Amino acid sequence: MARPSVCLLASLSALLLGIAAVSRSKGLRGTESQKELRIPSQFSQEQRIAMKEALKVFPTVFHTSFIRHEVIGNYSHLFTVKGSDPSMQPYMLLAHIDVVPAPDRGWDVPPFSGLERDGFIYGRGTLDNKNSVMAILQALELLLIRSYIPRRSFFIALGHDEEVSGINGAQKISALLQARGVQLAFLVDEGSFILDGFFPNLKKPFAMVSVSEKGAINLMLQVNMTPGHSSAPPKETSIGILAAAVSRLEQTPMPNMFGGGPLRTALEQLADEFPFPTNIILNNLWLFRPLVSRLMERNYITNSLVRTTTALTMFNAGVKVNVIPPVAEAIINFRIHPAQTVQEVLKLAKDIVADDRVQFHVLDAFDPLPVSSSDDQALGYQLLRQTIQSVFPEVNIVAPGTCIGNTDSRHYLNLTTSIYRFNPVYLQPQGFSSIHGINEKISVQAYETQVKFIFEFIQNGDTDMEPVPHLHEL
């Protein structure tokens, strides 16, 4: 094992050597010395191969004097990267290690194999969210090999239980940093992507940076009845009553809330990218808002942007084929639109079910997160915009949005009001379906580009607050 390790480390050490061209982003003002020390993010074919082979080896990250590594809650990881300028407020990069279950059935390759096939890396977590875990550490490793020392301090928080609410990971990291008196300039987590093909007639991809995220309720519906023999059944069983209640919830969507907020801002920014007459409609939402709200309902993804969604995710009942079950239970997962609250959605759900035999038990719930700023003075948002337009010059539009999923970022509201969610990866509708689904995968090229994005973003983070016009060299 020794010789491959030596070769691997040698490849890592050479990964950024001999690179002549510099990819520059000039969206925010940095110091002259920082511009001179900027490390280019253009990799040769040999270096890209070394990057792929070195996915799980980050020796420099763990042996650099100005990086402190801590294990939180037994399995989560917190890296504190100390910058040279203590006057600059730190930021945080977030990702999570854990994944949802993935049965083998239906996958082209075993879901936890990490096999590469036809230029894609397959496996649960390749998009949600091990790709970010690896890319953040990979980018930092590559910077450190080049003797990079950041001006601005930053944290890397890798949670281990995001898929089950982050209580033992992100929440504990947040509490620890709060106890240390840390306040963050901004935070970047998973969430949105470069979206391609999600809106009919929109031919160009655009980057959506989520400035908020939906709330959630995990609601258990329960029906209790006297058990009996199936040979003499009652008029209604617990299963039948509960099935009818769940069906009413599925057949009665929550109200369409389209009207303002980040979605409206995004559509107005995208308006001129659409052909006639859609461009006219989106440029005049004051008049066509009802029409647009109805059109958004037609697609299951865009529908999730305009309302609180209702998803039956678990149903349990029955003990034997000839026994009338005493209890039937179902769990409904609501993702709450930013214009609504937990209490509003619960009242609507009870009104829809309208059956006192159905008991409501809230397992856990939280309101939608506040909307973070996306104006010219929002440092985190502008750094993301700057880096997107540098690494993805073909993307003309960077727009604010709402994350329809839930992330660990909600646990850090005590540390910052500037929370942004963005994965620097292209996503098509079929790729969206693979997240928590079958054949989740990321292309090798997309992963390399994600590493490049974070590589540049960390350096861009060493800038001062004042934004200047964006000038990008291809």
Side-chain angles (χ1 to χ4, degrees), residues 191-217 249-311 332-349 351-352 366-375 381 397-407 410 419-422 427 429 432:
S192 296
F193 296 81
I194 297 176
L195 302 179
D196 187 11
F198 284 88
F199 290 89
N201 300 320
L202 181 62
K203 303 303 181 184
K204 295 180 180 180
F206 71 99
M208 178 170 281
V209 176
S210 289
V211 294
S212 181
E213 72 178 51
K214 284 187 162 186
I217 306 173
L249 284 171
E250 286 193 325
Q251 297 301 316
T252 312
M254 294 289 165
N256 189 318
M257 306 302 293
F258 176 67
L263 178 59
R264 179 165 184 156
T265 301
L267 291 178
E268 289 173 340
Q269 287 186 228
L270 290 166
D272 291 335
E273 301 294 324
F274 285 89
F276 177 85
T278 306
N279 58 340
I280 302 298
I281 292 172
L282 294 181
N283 273 310
N284 294 277
L285 288 174
W286 63 273
L287 176 62
F288 295 108
R289 185 189 63 79
L291 172 63
V292 173
S293 68
R294 294 293 176 264
L295 292 174
M296 295 286 285
E297 292 179 337
R298 294 184 177 182
N299 177 283
Y300 76 101
I301 296 176
T302 55
N303 177 63
S304 68
L305 297 173
V306 299
R307 62 163 36 91
T308 294
T309 54
T310 305
I332 311 293
N333 179 252
F334 296 95
R335 298 301 173 103
I336 305 172
H337 188 276
Q340 293 182 297
T341 66
V342 167
Q343 293 305 316
E344 288 171 355
V345 172
L346 282 175
K347 184 180 185 305
L348 285 167
D351 291 343
I352 292 168
F366 54 90
D367 285 321
L369 270 66
V371 176
S372 298
S373 175
S374 58
D375 62 23
Y381 189 87
I397 302 293
V398 179
T402 299
C403 182
I404 61 175
N406 296 130
T407 70
R410 70 181 183 275
I419 297 177
Y420 305 100
R421 304 153 193 88
F422 179 69
L427 187 69
F432 178 83

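Everything quoted here is computed from the prediction, not taken from an experiment. Atoms considered below: every heavy atom in the structure, side chains included; atoms not considered: hydrogens, waters and symmetry mates.
In this structure, T341 and I336 have side chains that are not in contact, with every pair of non-hydrogen atoms separated by 4.5 Å or more. Residues F198 and T302 have side chains not in contact (no heavy-atom distance under 4.5 Å, counting atoms from C-beta outward). Using a 4.5 Å heavy-atom cutoff, the side chains of S372 and Y420 are in contact. Residues V371 and P262 form a side-chain contact, since some pair of their non-hydrogen atoms from C-beta on lies under 4.5 Å apart. Between L348 and Q340 there is a side-chain heavy-atom pair separated by less than 4.5 Å. For the pair S304/K214, a side-chain contact is recorded, criterion being any heavy-atom separation below 4.5 Å from C-beta on. Side-chain contact between R289 and F258 is present, with heavy atoms from C-beta onward closer than 4.5 Å. L282 is not listed as a side-chain neighbour of F288, based on a closest heavy-atom distance of 4.5 Å or more.
Here CZ of F334 is found 9.0 Å from OG1 of T309. Values are rounded to the nearest 0.5 Å. Distance CG/L263 to NE2/H337: 7.0 Å, rounded to 0.5 Å. The distance from atom CZ of F193 to atom CG of L427, rounded to the nearest 0.5 Å, is 5.0 Å. Taken from CG in L195 to CD1 in I301, the straight-line distance is 9.0 Å, to the nearest 0.5 Å. For the atom pair CE of M254 and OG1 of T310, the computed distance is 4.5 Å after rounding to the nearest 0.5 Å. Taking CG of L369 as the reference point, atom CZ of R421 lies at 5.5 Å (rounded to 0.5 Å).
Ion pairing of E344 with K347 is absent here, as no side-chain N (NZ or NE/NH1/NH2) approaches a carboxylate O to less than 4.0 Å.
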Compile the donor-acceptor pairs under 3.5 Å between side chains in residues 268-281 and protein atoms, sequence neighbours left out, one pair per line.
unit_1 : atom_1 : unit_2 : atom_2 : d
E268   : OE2    : R264   : NE     : 3.3
Q269   : NE2    : V398   : O      : 3.1
D272   : OD1    : N283   : ND2    : 3.0

Checklist entry - Where do F199 and N299 land on the side chain to side chain contact (heavy atoms under 4.5 Å, CB included) test, with the steps shown first? => result CA-CA 9 Å; F199 290 89; N299 177 283; over 6 Å; no
Checklist entry - Passes side chain to side chain contact (heavy atoms under 4.5 Å, CB included), R410 versus I419? Steps please. => result CA-CA 9 Å; R410 70 181 183 275; I419 297 177; over 6 Å; no
Next on the checklist: Quick one, V306 with S293, criterion side chain to side chain contact (heavy atoms under 4.5 Å, CB included). Give me CA distance, side-chain angles, the key distance, then yes/no.
Outcome noted: CA-CA 7 Å; V306 299; S293 68; 5.8 Å; no
Next on the checklist: Determine whether E213 and T402 satisfy the following criterion, side chain to side chain donor-acceptor pair (under 3.5 Å), listing intermediate values before the conclusion.
Outcome noted: CA-CA 5 Å; E213 72 178 51; T402 299; over 6 Å; no
Next on the checklist: Show, in sequence, the C-alpha distance, side-chain angles and deciding distance for Y300 and F432, and conclude whether the side chain to side chain contact (heavy atoms under 4.5 Å, CB included) test is met.
Outcome noted: CA-CA 11 Å; Y300 76 101; F432 178 83; 4.1 Å; yes
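Of all non-hydrogen atoms in M208 and S192, the two that sit nearest each other are O-CB, 2.7 Å. The shortest non-hydrogen separation linking N406 to R335 is OD1-NH1, 3.2 Å. In terms of heavy-atom proximity, G191 sits nearest to C403 at CA-SG, 3.8 Å. Looking at every heavy atom in both residues, Y381 comes nearest to A399 through OH-C, 3.3 Å. Among all heavy-atom pairs drawn from P400 and A266, the shortest one is O-CB, 3.3 Å. Across every non-hydrogen atom of V342 and A216, the tightest pair is CG2-O, 4.4 Å.
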